[in-house]
Amino acid sequence: MGRDLSAMENRHHNSPLMKKNSGLLKTLKFMDQRFEEVLIVLGFLTFIILINLQVINRYILPFIEFANITTWTEEVSRYIFIFVSFLGASLAIKKRDSIQVTALVDRLPSGLQKSIHIANTIFMLYFSYMIVKYGYTLIMFQFETGQTTPALSLPMAIPYSAVPLGFLLMAIRLIQNLMQDTKHMDVKDGLIGTILAFIMILPVLTLGESSISLLLFGYFILFIVLGMPIAFALGVSTLATVLATNAIPIDFFPQTAFTSIDNFPIMAVPFFIAAGIIMGGGNIIRKLLNLSDELLGYLPGGLALVAIVTSMFFSAISGSGPATVAAIGTLLIPAMIKQGYSPGFATAVVAAAGTIGVIIPPSNPLVIYGVVSQQSISQLFIAGIIPGILTGIALIVVTYFIAKKNDWRGDKTAFSLKNTLSAAWDAKLALLVPIFILGGIYGGFMTPTEAAAVAAGYGIIIGMFIYKDMDFKGLYRNLAKAGITSSVIILLIVMASIFGRLITLERVAEVVANFVLGISENKWVILLLLNAFLLLVGLIMESLAAIVILTPILLPMALAIGVDPVHFGLIMIFNLAIGFITPPVGVNLFVAAGVAKLKIEEVVKGIGVLLITMVVVLLLVTYIPDISLWLVEYMR
C-alpha cells in the first residue's frame, strides 16, 4: 500500500501539470530577480551602440547614411534611456540604493526607525500610485489625439508609457520591501508607523492655499530629516502641497516626469558613469597608477602624490568623485599603509583627491548643472580644467610637505626618464580617453553626450578585446551597476523638476535674492555668503540633490550681482565638492574609509589640512573669475 502511494506521488510530481507549474515558478523567480537588470543592460548596450553608430556614420561613412541613421538614432536612444532610467529606479528601490540623509534617524531607537520607515514607504507608495493613475490617463490622451514621435512617427503613448510602467514597478518593489521588513517587525511598530503617516498628512487637510511655500518646504525638510530618499522627498512634498492647495493640476506630474528627462544632453550622465565603472575596475587604472608612480614615486610622499595625479587622470574618464576614490583607493591605500603612512592620512589623501573628479571635466555634477541652468555643458567642462588642475597642484604641494615632515618615502629613489616613457607608452590607451572626450567636444566633432557614448564604447572594446580583463559577465555586471547609479541621479532630476514648478510659481528665487541683497549689495560679501551657505549645504546634502534643488533658486541672485552663470556653476560645484570630504554626508570619506576598513573618525583627523587647502582654492576660484572663464572666452 505504501509503495503504491509513493508511486502515485512520483507520478503526480512528474505530471505535465506539475512540471508546468515548476517551470512557471522558476520563470517568475527569474523575473523577480533579474527583470529590470536584464532590460537595463540591453538598453545600455543598445543606446551605446546607436550613438556610436551616429558618430561613425557622420565622420567615417558619411556617404552611406545607413537607413537615415542620423534622423532616428537620437530619438530611439532618448526613449530607451527614459525606460532604462525608470527601470533602474525600480531596481535601486529593490536593492535599497538611494540618496538620503539618515544622520538623525540612525540615532533613534530601532523600533522607532522601523516605524518611520513604514510611514515613509506609505507616502512613497501613494505617490507612485498617483503617478501610475495620472500617467495612464496621459497615455490614453496620447492615443486619442494621435500624437506621434518626430522621426519615426511612433505613437507618443509608447515612450510616455515608461512613466506609469516605471512607477508601477517601483510600487511593486516598495511593497516587496515592506513585506520583507514587516517579517522582522513588531505589530506595535507597524501601527505606530501608520499613525505617524496619518499625523504627518494632517496639515494637508487643515492648511489653506495661502501656505504653499510653508507646506512645500515644511514637508520637504520633514521628509529629509526622517530619512526618506531625497528624490521621493521632493515628489511627495510637492504632491502633499498640491493636494492641499490645488496649486497645479496633478496630471502635470507624469507629464513632467517624462519631459524633464526627454533631453539628449542629460544622457551624458549614464554614459560617463558606465565609462568610469568599466575602466575603473581593469588594467586602465593600473597603467595610470604605474605612470604616475614613475613620474612622482621617488619624491617624499610618492604614493600619496601618485594618488592625486592618478585622480586627475582618472577624473577625465569617470566624471565621478566616489568612483575615482573607489578605483584608486582599493589599490593605493593598502600600499601606502604598508610603506608606513598614517592610515588616516593615506585614506584622507585619496578621499580629497577624489573631489577633483567632479571639478575637472568631464563631470557629472557639471552636466546636471548645465541641464538645470540651461548653460552650455561644453563651456562648463572647459571652465573646470584650470580649477581642477589648480586643486590637484595645491593638494600635491601640501601633501609633499606633510610627507617630508613625517619622512614618508617609497621604494623609488630617483626619477628615470626611460621608465617614465615606457610607462607612458604602456598607458597610451588610457591616456587617449581624455583626448577622445575633450578633443571631440572642443574640436566640434561630438556633443558631450556623443563623446560620453564613445568613451563607454571605447572602454568596452579595450576591456573585452585588448586588455581582456572583462568578460561578458563583467560587462553585464558593470552595465547593471551603471544603470542603478545613473537612475538614482535621473530620478532626482525628475522629482526636482516637479518640485521646481512650485518654486517658480511661488517666486522663491526672487524672494531669496531680495533677502540676500537686503543684507548687502557688495558683490564680494554676497559671494562670501553664498560660499558659506553652499558649504553648509554640502555638510548635510548630497551634491547632485543640492544642484537640482538650489540652482533655480540661487542662479538668479548670482546673475543679479553680475556673476557669469558658467563661473557660478564652478563656484557651486567646487563648494559641493568640498562636501564630499566633510561629515556627516561626505561620500568620498565613507567610500575611502570603507576601502581602508577604518573608522570615519580616523579619516576625519587626517583630512584637516587638505580641507583647508581646498577652501583656499575655492576662494581663489570665487574671487578671480578668470581662473574659470579664461579658456571659456576663447570658445565664446
Side-chain angles (χ1 to χ4, degrees), residues 99 101 230 315 319-322 324-325 351-361 363-370 372-373 375 380-381 383-392 394-395 489 492 496 509 512-513 516 519 523-559 561 563-589 607-608 610-625 627-629:
I99 299 172
V101 179
I230 293 176
S315 295
S320 166
T324 302
V325 172
T355 61
I356 302 171
V358 299
I359 301 168
I360 216 163
S363 157
N364 287 326
L366 283 175
V367 173
I368 302 302
Y369 174 83
V372 174
S373 65
Q375 297 300 311
L380 287 163
F381 278 4
I385 292 174
I386 295 178
I389 293 172
L390 184 60
T391 304
L395 290 174
I489 297 168
L492 194 60
V512 171
V516 174
I519 298 172
K523 181 178 177 179
W524 282 58
V525 173
I526 293 172
L527 284 173
L528 188 63
L529 290 172
L530 276 172
N531 278 329
F533 174 69
L534 288 169
L535 285 172
L536 285 172
V537 168
L539 289 174
I540 59 172
M541 188 175 290
E542 203 277 335
S543 63
L544 296 174
I547 291 165
V548 295
I549 295 166
L550 295 177
T551 298
I553 297 172
L554 298 181
L555 181 58
M557 180 174 58
L559 295 175
I561 61 172
V563 177
D564 186 285
V566 172
H567 180 212
F568 179 71
L570 263 295
I571 293 172
M572 176 176 251
I573 270 63
F574 207 116
N575 273 284
L576 297 173
I578 292 174
F580 277 68
I581 54 172
T582 50
V585 180
V587 183
N588 284 14
L589 285 180
I607 205 80
L610 301 174
L611 182 60
I612 293 168
T613 303
M614 290 201 63
V615 171
V616 170
V617 178
L618 166 65
L619 293 174
L620 291 174
V621 170
T622 301
Y623 291 114
I624 307 176
I627 292 175
S628 302
L629 299 179

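Taken to the nearest 0.5 Å, the OG atom of Ser373 stands 9.5 Å off from the CG atom of Leu559. A distance of 11.5 Å separates CD1 of Ile578 from CD1 of Ile612, quoted to the nearest 0.5 Å. Annotation: the span from Leu535 atom CG to Met614 atom CE amounts to 10.0 Å, rounded to 0.5 Å. Note that OG of Ser363 and OH of Tyr369 are 12.5 Å apart. Values are rounded to the nearest 0.5 Å. Interatomic distance, Asn575 CG to Asn531 CG, rounded to the nearest 0.5 Å: 4.5 Å. With values rounded to the nearest 0.5 angstrom, Ile359 atom CD1 is found 8.0 Å from Leu570 atom CG.
Inter-residue side-chain proximity for Val617 and Pro387 is flagged as unmet; no heavy-atom pair is nearer than 4.5 Å. When side chains are defined from C-beta on, Leu554 counts as touching Met557, because their heavy atoms get closer than 4.5 Å. For the pair Pro365 and Leu576, the minimum side-chain heavy-atom distance is 4.5 Å or more. The side-chain heavy atoms of Leu528 and Val525, taken from C-beta on, include no pair separated by under 4.5 Å. Here the side chains of Leu589 and Phe580 are not in contact, with every heavy-atom distance at 4.5 Å or above.
Between Val325 and Gly354, the shortest heavy-atom distance links the atoms CG2-CA, 3.7 Å. Between Ile385 and Pro361, the shortest heavy-atom contact is CG1-CG, 3.5 Å. Of all heavy-atom pairs between Val548 and Val372, the closest is CG1-CG2, 3.9 Å. Heavy-atom minimum distance, Met572 versus Leu534: CA-CD1, 3.9 Å. Here the closest non-hydrogen pair linking Ala577 and Val358 is CB-CG2, 3.5 Å. Across Leu390 and Leu620, no two heavy atoms sit closer than the pair CD2-CD1, 4.5 Å.
Taking the six-membered ring where tryptophan is involved, the planes of Trp524 and Tyr623 are essentially parallel, since the angle between them stays under 30° and well short of 60°.
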Take Val621 and Ser628 through the side-chain contact (heavy atoms from CB on, under 4.5 Å) test and state the conclusion after the steps.
CA-CA 7 Å; Val621 170; Ser628 302; 3.6 Å; yes
Would Thr622 and Phe574 satisfy side-chain contact (heavy atoms from CB on, under 4.5 Å), going step by step from the backbone distance to the final call?
CA-CA 9 Å; Thr622 301; Phe574 207 116; over 6 Å; no
In sequence, state the C-alpha distance, the side-chain angles, and the governing distance for Val616 and Leu619, and then conclude on side-chain contact (heavy atoms from CB on, under 4.5 Å).
CA-CA 5 Å; Val616 170; Leu619 293 174; 5.7 Å; no
Going through the distances and angles, do Thr551 and Phe568 end up as a side-chain contact (heavy atoms from CB on, under 4.5 Å)?
CA-CA 10 Å; Thr551 298; Phe568 179 71; 5.5 Å; no
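With no hydrogens or angles considered, no side-chain donor-acceptor pair links Thr355 and Asn588 at under 3.5 Å.
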